[in-house]
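Here's the structure we're looking at; comments come further down.
Both backbone and side-chain heavy atoms feed into the values below; hydrogens, waters and symmetry mates do not.
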Amino acid sequence: MPRHRRFGRGLKDSLPAVEAEALKVVMRQVLHSGTTTVHEYRAWPPADRPREHAFSASFFCLQGADGTPLGVCSMTVDVTGNKRARERLAILSEASTHIGSSLDVMQTAQELAELTVPLLADHAVVDLVESVPFGLEPAARIGTTSGRRPVLRRAGVASVDQGVLEMPAVREEVIHVPPTSSFAAVLRTGRSHLEPLLDTHAGPWVDHDPTRAQKVRDSGVHSLMVVPIRARRCVLGLALFGRSTEQTPFQEDDLLLAEELVTRAALCLDNALQYARERTAALTLQRALLPHRVQGGAAVEVASRYVPADMDHGVGGDWFDVIELSGARVALVVGDVMGHGINAAATMGRLRTAVRTLADLDLPPDELLTHLDDTVRRLNDEDADDTDPVPAIVGATCLYAIYDPVSRRCTLARAGHPPPLVVDAQGGATVPDLPAGAPLGLGLGLVPFESVELELPEGSVLALYSDGLVESRGEDIDVGLRRLGAALAQPGATLEDLCSQAMETLSAQAPADDVTLLLARTHALPPAQVASWELPNELVTVPTARRLAARQLREWGLKPLVTAVESLVSELVTNAIRHGDSPIRLRLIQHRVLTCEVSDTNTGQPRSRHPGNLDEHGRGLHLVGRLSRRCGFRSVTNGKVVWAEQDLPPPTGAR
């Protein structure tokens with residue numbers, strides 16, 4: 001400022017009235033006290049009127065030889081650069097703690113918008129490429145096709161004026177970007193755009209979206225920055241910053257700060273995107289491996305629920321299954337692979353397949369868990385890395401149950417899994433005393449698994465679940481079991497309603513572990529649908545067995561099956577007499593299919609042979625297989641049962 005504009009003039013002639021008055025107060029204090037004082041203030045110097053500067057003024061008292069105050073000397077330094085540097089460091093420090101607090105891309109975008117207001121801008125908007133919120137990576141270049149509008153989704157909005165928040169667009173709204181706009185250019189090139197003085201009365205704003213341009217005018221935004229959100233050579237979206245209350249337009253150093261903040265947010269968004277892709281893959285794999293529809297046949301009515309863990313913890317390895325067995329029985333299983341992520345989901349699929357294979361062998365629950373434990377150990381041995389000093393060990397828990405609707409008895413065994421819950425028809429909930437067993441695959445097989453047999457009255461509800469439903473931090477599992485029992489103690493409610501009630505017992509927050517629930521309401525097969533005879537161990541018994549079976553089928557109205565069942569009975573009873581021991585029992589069960597069972601005390605397993613052309617024997621099991629829809633055998637106490645199934649004929653009059 002020229003000297004002639006300062007000599008002989010007051011402060012008000014060269015500074016704004018407010019700052020001039022503040023400086024006068026400081027100078028009087030220095031004059032009266034004789035101490036040196038530093039005062040910082042803001043002003044717009046004539047040489048750079050559009051830009052606000054920060055000044056630091058030091059005031060000294062001038063004294064005569066006798067100490068009498070004579071005047072005040074001041075030295076003023078423009079510290080705009082230093083002050084802005086400090087402010088930038090403070091904002092970047094805030095960014096390191098406030099952006100990326102979760103693995104949710106929408107929340108991360110909102111955190112970026114909220115951080116920059118009002119530290120950098122009066123209004124901030126973050127728009128992501130439409131595929132990003134769904135865990136899909138966008139193309140490297142966006143909007144390159146002529147005339148095609150890029151599509152974004154609003155993910156973050158912040159403003160100093162709450163009334164302006166929803167004026168341009170609300171969160172999660174789809175934004176169509178005009179191809180000739182500066183926004184489309186930023187998406188295509190990946191370079192930022194600075195518009196110190198925003199003109200919303202002409203150009204693409206008015207040509208392509210006059211309604212939105214009017215909303216921007218109403219908000220008072222006069223300066224704009226558009227910064228691309230880039231990660232790994234891909235543009236994930238745009239960050240828009242505007243000023244309305246702050247009259248100073250954006251400058252180049254503001255753009256540098258905005259780019260630094262967006263770069264930090266882009267790293268967090270990319271991490272969240274990669275995690276979302278992995279979680280989506282794990283969730284897709286898990287849902288593909290889980291049963292899409294479970295049926296309990298004539299034995300049980302079933303319903304299920306599965307809720308994956310939250311974004312921060314990842315998808316786990318929970319699984320459940322309902323497997324129909326011979327003789328109208330059904331197997332119920334719930335398991336949980338330790339750990340989270342795609343590896344846990346893949347291991348879950350391997351174990352579910354193993355359980356189904358072992359279930360086809362009709363093993364008792366304790367024997368099935370023993371074989372499953374061996375399977376998990378082999379998987380650990382195969383997956384062990386010799387170069388890893390601490391190889392990863394796969395562990396899992398499992399609960400396996402078999403329910404027989406003829407005897408109304410349920411046999412259960414568990415391997416480190418939470419115990420089942422039994423709710424009777426009156427709503428009383430109990431936890432059966434079932435040995436816990438050791439988790440699978442952890443090398444603790446010194447103690448064998450134990451089965452427990454329960455009698456379940458008709459209408460009982462058997463609840464199998466994972467620990468995510470009843471366990472939580474700071475709470476004992478007994479509390480969760482009581483809460484689950486209270487939710488299921490509703491006589492007359494449907495299983496779907498009970499599942500919904502049980503899910504409502506979870507906290508409002510997303511679960512930290514997968515939540516799995518399988519409910520089964522038991523049914524008893526009426527005695528009139530079961531026929532059983534004990535036969536002597538003599539070949540002359542075979543015609544008698546044929547006649548008994550044929551007569552029973554006629555009583556049931558299944559005359560079309562007589563010929564085939566007579567042949568099945570002949571082969572199965574003959575094999576039992578020739579290769580088994582007394583007593584021999586023939587049983588027919590009418591449920592969704594007709595099951596023909598022949599039991600004996602021989603523990604040997606029947607095997608199909610490949611007889612030669614001249615052999616007189618060895619074709620019995622081949623004939624049984626051709627005459628039945630499904631056949632097999634299972635081991636029981638003191639013997640075995642060989643069975644075959646026949647489809648029931650359609651009702652009279654049906655095509």
Side-chain angles (χ1 to χ4, degrees), residues 1-98 114-124 158-161 194 196-197 220 222-223 225 241-258 260-261:
M1 185 175 294
R3 283 181 291 178
H4 69 272
R5 295 187 54 188
R6 297 299 303 271
F7 288 154
R9 299 175 181 269
L11 289 176
K12 290 184 179 181
D13 297 329
S14 57
L15 289 176
V18 175
E19 291 297 338
E21 193 62 36
L23 290 179
K24 280 186 176 181
V25 172
V26 174
M27 294 169 69
R28 290 193 189 98
Q29 292 175 351
V30 171
L31 190 64
H32 295 155
S33 64
T35 59
T36 301
T37 301
V38 178
H39 177 70
E40 292 188 358
Y41 64 96
R42 294 174 178 268
W44 287 264
D48 192 9
R49 280 293 182 189
R51 186 179 181 185
E52 182 186 63
H53 285 241
F55 295 95
S56 176
S58 301
F59 296 93
F60 309 89
C61 181
L62 300 179
Q63 298 175 340
D66 58 355
T68 302
L70 303 178
V72 175
C73 172
S74 70
M75 292 192 300
T76 303
V77 179
D78 189 338
V79 294
T80 304
N82 294 339
K83 189 173 183 62
R84 287 184 175 271
R86 291 197 303 269
E87 291 175 348
R88 286 186 59 177
L89 289 176
I91 296 175
L92 293 176
S93 177
E94 288 285 320
S96 62
T97 57
H98 286 78
E114 291 176 351
L115 173 70
T116 56
V117 175
L119 297 178
L120 176 64
D122 297 324
H123 314 281
S159 174
V160 294
D161 182 4
L194 172 63
L197 299 177
H222 60 81
S223 187
M225 294 188 297
F241 306 98
R243 279 183 176 171
S244 58
T245 304
E246 174 64 51
Q247 295 302 315
T248 305
F250 286 123
Q251 305 295 327
E252 288 294 336
D253 55 347
D254 296 316
L255 182 61
L256 292 176
L257 175 58
E260 179 68 23
L261 291 173

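Listed here is the closest heavy atom pair of E246 and H222: O-NE2, 2.8 Å. In terms of heavy atoms, A258 sits closest to F241 at CB-CE1, 3.9 Å. For P196 against S223, the heavy-atom pair with the smallest separation is O-OG, 2.8 Å. Between R243 and D122, the closest heavy-atom pair is CA-OD2, 3.5 Å. Scanning all heavy atoms of the two residues, the minimum distance from L194 to L255 falls at CB-CD2, 4.0 Å. Summarising the geometry of L31 relative to C61, their closest heavy-atom pair is O-SG, 4.1 Å, with the distance given to 0.1 Å.
Side-chain atoms of R6 and L11, non-hydrogen and from C-beta on, do get closer than 4.5 Å to each other. Inter-residue side-chain proximity for H39 and V30 is flagged as unmet; no heavy-atom pair is nearer than 4.5 Å.
Not a single ring-ring contact (aromatic ring centres under 6.0 Å, His included) links F59 to another residue, sequence neighbours left out. Legend: residues meeting side-chain contact (heavy atoms from CB on, under 4.5 Å) with V38, ordered by chain and number and at least two apart, are S56, S58. A search for side-chain contact (heavy atoms from CB on, under 4.5 Å) contacts involving Q29 returns V25, not counting sequence neighbours.
In this structure, OG on S33 lies 13.5 Å from CZ on R28, to the nearest 0.5 angstrom. Interatomic distance, L119 CG to L261 CG, rounded to the nearest 0.5 Å: 9.0 Å. In this structure, Q63 CD and T68 OG1 are separated by 8.5 Å, a value rounded to the nearest 0.5 Å.
For the pair S74 (side chain) and A57 (backbone), a donor-acceptor distance under 3.5 Å is absent.
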